[in-house]
Number of protein chains: 2
Amino acid sequence: MENKVKNYADEEHCPVRNVLDRFGDKWSMLVLMLLSDMEVLRFNEIHKYIGTISQKMLTVTLKKLEADGLVERKAYPEIPPRVEYSLTKRAKTLMPIIQDLAQWANKNMADIQDSRRKVV
Amino acid sequence: MENKVKNYADEEHCPVRNVLDRFGDKWSMLVLMLLSDMEVLRFNEIHKYIGTISQKMLTVTLKKLEADGLVERKAYPEIPPRVEYSLTKRAKTLMPIIQDLAQWANKNMADIQDSRRKVV
DNA sequence: CGGGATCCCTGCCGATACTG
DNA sequence: CAGTATCGGCAGGGATCCCG
């Protein structure tokens, strides 16, 4: 076990680095959780739920998630245009883990903030 | 369920944002996983395992994790000095989730990279 | 050995204005 | 409505030098 050490330096192939590079940014995980709750949402609906995100960052975030095959984008050829976003199957296999993470955060956030105050 | 919508905009109290602000950075989760595997490590040992991290960032990362009560620091009053780092109990409750995340990443990384190539 | 202190640069992200 | 284009601030992070 200890003689076969993983490669913690290899940025290209380290799965953790790779997964964090994808939704470790400011908004991705929030969008994923929102879509997980609401199933299908239009662009401006997401924008309203996450009140503090800028239009630009929402666009960038959705494109990145779409490129990773985590979010599906359906555009309807209407005027005015309508675009619906939803989670892919791949993203749905990820959500239970995200939920666990959120639960852990909920339980431990207060204590962590206390720890931080003592040190700072 | 759908009429009681969570507050996705509240940055201060959103647990996901709060947890990601803590170890969503470039190195924290990697350090946590390394310490989870090796139990106890000295500063320079961590530095060698994660070959690409700078001394400064390792210092910053460890301080942040210590402030959050996720890493314990033991300094021995010797010359030359010796400092040992290990996970706290709180961090150990987090690690199963991190492991799940890593497993998910391992399984899906290749497919995600394929998706990305098609789009880009 | 285990850091601190500084300099500097990249890129994330926000704000604003414009478009089909 | 659902974006695109552009400008700019500033924080994350790397490189280097210094210290007890």
Side-chain angles (χ1 to χ4, degrees), chain A residues 8-9 11 14 16-17 20-31 34-35 38 40-68 71-86 119-120, chain B residues 8-12 14 16-31 34-35 38 40-68 71-86 119-120:
Chain A
Y8 289 89
E11 305 199 11
C14 169
V16 194
R17 273 254 49 78
L20 272 190
D21 284 346
R22 293 196 142 67
F23 48 80
D25 59 39
K26 192 169 181 182
W27 301 111
S28 293
M29 201 169 290
L30 227 46
V31 170
L34 178 58
L35 284 176
M38 309 304 284
V40 178
L41 286 178
R42 302 178 60 169
F43 185 90
N44 272 349
E45 289 176 332
I46 304 177
H47 196 197
K48 281 170 192 169
Y49 277 117
I50 310 177
T52 49
I53 193 174
S54 66
Q55 245 182 3
K56 172 191 167 185
M57 286 318 297
L58 181 53
T59 304
V60 170
T61 302
L62 286 171
K63 280 202 171 182
K64 202 175 150 196
L65 291 174
E66 189 194 358
D68 288 348
V71 157
E72 191 183 357
R73 184 194 127 109
K74 276 187 200 165
Y76 297 86
E78 307 171 358
I79 292 180
R82 176 164 58 105
V83 179
E84 291 181 347
Y85 292 93
S86 56
V119 179
V120 181
Chain B
Y8 290 88
D10 187 343
E11 305 201 9
E12 297 236 341
C14 169
V16 196
R17 275 254 47 78
N18 226 280
V19 75
L20 272 191
D21 285 345
R22 293 197 143 67
F23 48 81
D25 59 38
K26 190 169 181 181
W27 301 111
S28 294
M29 202 168 291
L30 227 46
V31 170
L34 179 58
L35 284 175
M38 309 304 284
V40 179
L41 286 178
R42 301 178 62 171
F43 186 89
N44 272 348
E45 289 176 332
I46 304 178
H47 196 195
K48 282 171 193 168
Y49 277 115
I50 312 178
T52 50
I53 193 174
S54 66
Q55 251 183 1
K56 172 192 166 184
M57 286 319 295
L58 180 53
T59 304
V60 170
T61 302
L62 286 170
K63 280 204 170 182
K64 201 174 152 199
L65 291 174
E66 188 194 358
D68 288 347
V71 157
E72 190 182 358
R73 184 194 128 110
K74 277 187 198 165
Y76 297 86
E78 307 170 358
I79 291 180
R82 177 164 57 105
V83 181
E84 291 181 348
Y85 292 93
S86 57
V119 179
V120 179

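Quick note on labels: first sequence line is chain A, next is B, and so on, each numbered from 1.
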Under 3.5 Å, which donor-acceptor pairs do the side chains of residues 22-31 of chain B form with other protein atoms, sequence neighbours left out?
residue	atom	partner	partner atom	Å
R22(B)	NE	D68(B)	OD1	3.2
R22(B)	NE	D68(B)	OD2	3.2
R22(B)	NH1	N18(B)	O	3.4
R22(B)	NH1	N18(B)	OD1	2.6
D25(B)	OD1	W27(B)	N	3.0
D25(B)	OD1	S28(B)	N	2.8
D25(B)	OD1	S28(B)	OG	2.8
D25(B)	OD2	S28(B)	OG	2.7
D25(B)	OD2	K64(B)	NZ	3.1

Quiz item: Do you know the tightest heavy-atom contact between S86(B) and V40(B)?
Solution: CB-CG2, 4.2 Å

Quiz prompt | Degree of bending in the helix from dC1(C)-dG20(D) to dG20(C)-dC1(D) once both end axes are built from five pairs, to 10° | solution = 50°

Self-check item: From OG1 (T52(B)) to NE2 (H47(B)), nearest 0.5 Å
Solution: 8.5 Å

Quiz item: Rounded to whole angstrom units, what separation is found between the CG atom of D25(A) and the C1' atom of dG12(D)?
Solution: 14 Å

Exercise. Sugar-phosphate atoms are those with a prime plus P, OP1 and OP2; base atoms are the rest. Using that split, label each nucleotide of nucleotides 1-7 of chain C B, S or - for protein heavy atoms under 4.0 Å, 5' to 3'.
Key: BSBS-B-

Quiz item: Does any non-hydrogen side-chain atom of L65(B) lie less than 4.5 Å from one of Y85(B)?
Solution: no

Quiz prompt | Atom pair distance, as rounded to whole Å: CG in D21(B) and C1' in dC13(C) | solution = 14 Å

Self-check item: Gap between atoms NZ and P, on K26(A) and dC10(D) respectively (whole Å)
Solution: 14 Å

Practice problem: Round to the nearest Å and state the distance from R22(A) atom CZ to dC12(C) atom P. | Solution: 13 Å

Please list, one pair per line, the donor and acceptor atoms closer than 3.5 Å that link side chains of residues 53-62 of chain A to other protein atoms, with sequence neighbours excluded.
residue	atom	partner	partner atom	Å
S54(A)	OG	M57(A)	N	3.2
T59(A)	OG1	Q55(A)	O	2.9
T61(A)	OG1	M57(A)	O	2.6

Practice problem: Rounded to the nearest angstrom, tell me the gap between atom CG in L20(A) and atom P in dG13(D). | Solution: 11 Å

Self-check item: Contacts of D21(A) that satisfy side-chain hydrogen bond (donor to acceptor under 3.5 Å, both in side chains) - sequence neighbours left out
Solution: R17(A)

Quiz item: Rounded to the Å, how far apart are W27(B) CH2 and dG12(D) C1'?
Solution: 12 Å

Quiz item: Going from NZ on K48(B) to CG on L41(B), what distance comes out if it is rounded to the nearest 0.5 angstrom?
Solution: 11.5 Å

Quiz item: If you measure from CG on L35(A) to CD on E72(A), what distance do you get to the nearest 0.5 Å?
Solution: 11.0 Å

Exercise. Round to a whole Å and report the spacing from CD1 of I53(A) to P of dA15(C).
Key: 12 Å

Quiz item: Do any pairs count as a salt bridge (Lys or Arg N to Asp or Glu O under 4.0 Å) and have a residue in residues 74-86 of chain B, sequence neighbours left out, and if so which ones?
Solution: E78(B)-R82(B), R82(B)-E84(B)

Exercise. Mind calculating the distance between CZ (R17(A)) and C1' (dG13(D)) to the nearest angstrom?
Key: 12 Å

